[in-house]
Engineer: 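Please read through the structure below; I'll follow up with questions.
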Amino acid sequence: MGLSNVKKAGERHNADLAAIFHQMASCYRYLGAKHRFRVMAYDGATRTLSNLKNDISVYAKDEDALHELHGIGESIGEKIVEYLNTGKIKTFEQLKKKVPQGLLELMDIAGFGPATVKALHQKIHINNRDELIRAIETGKLKGLRGFGPKKIDNMKRGLKLFKEAHARMLLWDAMNIGEDILQEVLAFPGIKKAELAGSLRRKKETIGDIDIIATADKKDWKKIVSKFIALPQSERILAKGETRASIVLKKTNIQVDLRLVHEYEYGSALLYFTGSKEHNIKLRTWAKGKGWKLNEYGVFDAESDKQLAGATEEEIYRLFGMQFIPPELREERGEIENARKHLLPRLVNLKDIRGDMQMHSVWSDGADEIETIARYVCKEFPHYEYIVLTDHSPSERIAGGLQPADFIKQFKEIDRINKKLGKDFIRKGVEVDILADGSLDLPEDLLQQFDWVVASIHSGFTKDNTQRLLKVCERRDVHCIGHPGGRLIGKREGYTLDWNKLFEKAAATGTAIEINAQPNRLDLRDDLVKEAIEKGVMITISTDSHALSQFDFMQLGVAVARRGWCKIENVLNTCSWKAVEQFKRHKQHALKQAVK
DNA sequence: GCCGTTTTCGGCCCGACTGTTTTCAGTCG
């Protein structure tokens, strides 16, 4: 089946289709256990669509590309094409007649599963959220079998927190909150080891809840759980058992789970609690096929039930004949197969970074003087060999963009400070604006005087951004594309862009692409980093600091690089400045070759 | 409904906690 009537480019189908498949999964969930595997399939398709890089219509152009997507088989593939052609899916329309729409929404609320919702619908004819709220208020639920007072309380809370429950927190905020709580847990009497697990350990860009895994003698568990749920930050206790407890924090409403295990289970528990869910499922399924059973207590021989590994993660991966898989890679993106073949990359580390490639001073919209910045970085990051000052160009009026004459003055100021420091520590850079037509807002003769030129899009998001960026890559006076996706996490989606074309052009012209480490940018995104380096693109990691405290964001940038499978040689600012100069010469050469 | 270096048919991760029950279903991660 081909595509006859593709909607015009730039329209977003992924989110719409993901929402439909999510609802279809909910429908089948409601319709009973006989559909449970179908539910898994639609859940899988929902996940795939949510994480897709390009619009689904790009893949739907050819049947093979569509079916290469994990979780998209024949039937769901046909439904995608049907949706792209007609805007509807017949099966879904029919399902909607069987399951009232208001019930699907109810199933998205914490504590509401299909059985609960079905009972409410069949016994007291609830069809949506409003009717449920009224039923609770009027006491209609009292005496209903299976609906005791605690269950009703939980339902009320779920309804109230519905919106907040969906909010995720920026990685940076979660790292700070998580570290604070971890320190408190480590101070509990009896704790032997404890660390953060979950998506926080994997350094995902946003975090849903915080997981802590800890080991202690079993006799101390009860005391430790009591201490944990009594933490002053705790607003409410969600669950409390022998081995685990969950609390919700004040203000942030973020959930923190603590899991206690024996020392001989610590590694398997850490593995389990770190996830991702998809990585765990794949690993467990694979182990099962080898005659093992993997759970949070260890790896066991399926026949004898004897524990074969479990104290450390290293031990488990070793038993499986795999390389150790760093948490940042555990996303089911091929890491298990590569670990088996011993082909995992040796990932870049924070300590490999030798300079910061983008920052702003009071000359534009930064908070500090150039000299203050330089002295601070020299002190706090003693292994840095250079920083690149990149104040804004004229178009960024709000950000106090500099005029050409200002930059000439700034050059002198930088020379003066470098002389005082006794080394060429501060490099002369600029974050130049890419205008609507892909031209830049500073003259070429000035741009050529900079040590490093980052070009960024700050406005005109609806223009043809692919063409704008391709044009910029072809310029000899531009070395890097800044925050290429233009997104602000939780606020603004990135603009549409043909990433393949950009990566190919960047690789061919020797133009670097930035990972901007601002907590709400993390742009280039991790999955795109992986594709970029596979195409041969050089990556830079910069904090884009506007204040001294922001230089610490470098660890976020490195986390994104690691999640994108970056080795040290994929990241330009793991090199000396001499090598950066060489990279720039390489670009001049590449452009000359292209002209011939 | 998807998927395959054990399978194109027969599987599909696995256990803890809660609430309301007298032995377990539902929900979650």
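All heavy atoms count here, side chains included; hydrogens, waters and symmetry mates do not. In what follows, chains carry the letters A, B, and so on, assigned in the order in which the sequence lines appear, proteins first and then strands, with residues in each chain numbered from 1.
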Engineer: Closest approach to the side chain of A/Q255, judged atom by atom: which nucleotide of B/dG1, B/dT6, B/dG29 is it?
Structural biologist: B/dG29

Engineer: Using whole Å, report how far NE2 of A/H70 lies from C1' of B/dG4.
Structural biologist: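 Distance check: A/H70 NE2 to B/dG4 C1' gives 11 Å.
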
Engineer: Write down the distance separating the C1' atoms in B/dA16 and B/dG11, rounded off to the nearest Å.
Structural biologist: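 Approximately 26 Å lies between the C1' atom of B/dA16 and that of B/dG11.
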
Engineer: How does protein reach along nucleotides 13-21 of chain B, written 5' to 3' as B (base within reach of a heavy atom under 4.0 Å), S (only sugar-phosphate), or - (no contact)?
Structural biologist: BBSSSSSSS

Engineer: Rounded to the nearest Å, what distance is computed from the CG atom of residue A/D209 to the C1' atom of nucleotide B/dG29?
Structural biologist: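 A/D209 atom CG is separated from B/dG29 atom C1' by 8 Å.
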
Engineer: Taking CZ from A/R29 and C1' from B/dG1, how many angstroms apart are they, rounded to a whole number?
Structural biologist: 14 Å

Engineer: Can you measure A/I80 atom CD1 to B/dG1 atom P for me and round it to whole angstrom units?
Structural biologist: 13 Å

Engineer: Starting from C1' on B/dG1, measure out to NE2 on A/H67 and report it in whole angstrom.
Structural biologist: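 Result: 12 Å.
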
Engineer: So among A/E331, A/E278, A/E328, A/E332, which one has a salt bridge (Lys or Arg N to Asp or Glu O under 4.0 Å) with A/R202?
Structural biologist: A/E331

Engineer: Using a 4.0 Å heavy-atom cut-off across all strands, classify A/H35 as base, sugar-phosphate, or nothing.
Structural biologist: nothing

Engineer: Please identify which of these residues, A/R525, A/R521, A/R487, meets the salt bridge (Lys or Arg N to Asp or Glu O under 4.0 Å) condition with A/E205.
Structural biologist: A/R487

Engineer: Which part of the nucleic acid, if any, lies within contact of A/G113, taking any heavy atom under 4.0 Å across all strands shown: a base, the sugar-phosphate backbone alone, or nothing?
Structural biologist: sugar-phosphate

Engineer: Could you tell me the separation between the CG atom of A/L258 and the C1' atom of B/dC28, rounded to a whole number of Å?
Structural biologist: 17 Å

Engineer: side-chain hydrogen bond (donor to acceptor under 3.5 Å, both in side chains) with A/T91: which residues, sequence neighbours excluded?
Structural biologist: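 Listed in chain order: nothing, the list is empty.
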
Engineer: Can the positive tip of A/K118 be found less than 6.0 Å from the middle of the six-membered ring of A/Y30, inside 45° of the ring normal?
Structural biologist: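 Yes - A/K118 lies over the ring of A/Y30, closer than 6.0 Å to its centre and within 45° of its axis.
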
Engineer: Heavy-atom nearest nucleotide on DNA chain B for A/G73 versus A/F112: which residue maps closer to 5'?
Structural biologist: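 Going by which nucleotide is closer to the 5' end, it is A/G73.
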
Engineer: Does the ring center of A/F300 lie less than 6.0 Å from the ring center of A/W292?
Structural biologist: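 Not close enough - the centres of the two rings lie 6.0 Å or further apart.
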
Engineer: Would you kindly give the NZ-to-P distance between A/K282 and B/dC3, to the nearest whole Å?
Structural biologist: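 One finds 11 Å between P of B/dC3 and NZ of A/K282, rounded.
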
Engineer: Hey, could you give me each pair passing ring-ring contact (aromatic ring centres under 6.0 Å, His included) that has a residue in residues 249-277 of chain A? Not counting sequence neighbours.
Structural biologist: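 Residue pairs with at least one partner in residues 249-277 of chain A: A/W221-A/H262, A/H262-A/Y264.
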
Engineer: Applying a 4.0 Å non-hydrogen cut-off, can you work out what A/K118 is touching in the nucleic acid: base, sugar-phosphate, or nothing?
Structural biologist: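 It contacts nothing in the nucleic acid.
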
Engineer: Return the 5'-most residue of the pair A/G77, A/W286 with respect to DNA chain B, ranking by each residue's nearest nucleotide.
Structural biologist: A/G77

Engineer: Given the P atoms of B/dG26 and B/dT21, what is the spacing between them in whole Å?
Structural biologist: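 Each nucleotide's P atom is 13 Å from the other's.
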
Engineer: With both distances kept under 3.5 Å, what pairs with B/dT8, Watson-Crick or G-U wobble?
Structural biologist: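 Per the H-bond distance test, none.
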
Engineer: Could you measure between the two C1' atoms, the one in B/dT8 and the one in B/dC3, and give it in whole Å?
Structural biologist: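 Per the computed distance, 10 Å lies between those C1' atoms.
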
Engineer: Any chance the side chains of A/D43 and A/H22 put a donor and an acceptor closer than 3.5 Å?
Structural biologist: no

Engineer: Send over the distance from A/D211 CG to B/dC28 P, rounded to a whole Å.
Structural biologist: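 Rounding to the nearest Å, CG of A/D211 and P of B/dC28 are 16 Å apart.
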
Engineer: Give a yes or no answer on whether the side chain of A/D55 reaches the backbone of A/H13 with a donor-acceptor pair at less than 3.5 Å.
Structural biologist: yes

Engineer: Using a 4.0 Å heavy-atom cut-off, does A/T116 contact any base of the nucleic acid, only the sugar-phosphate backbone, or nothing at all?
Structural biologist: sugar-phosphate

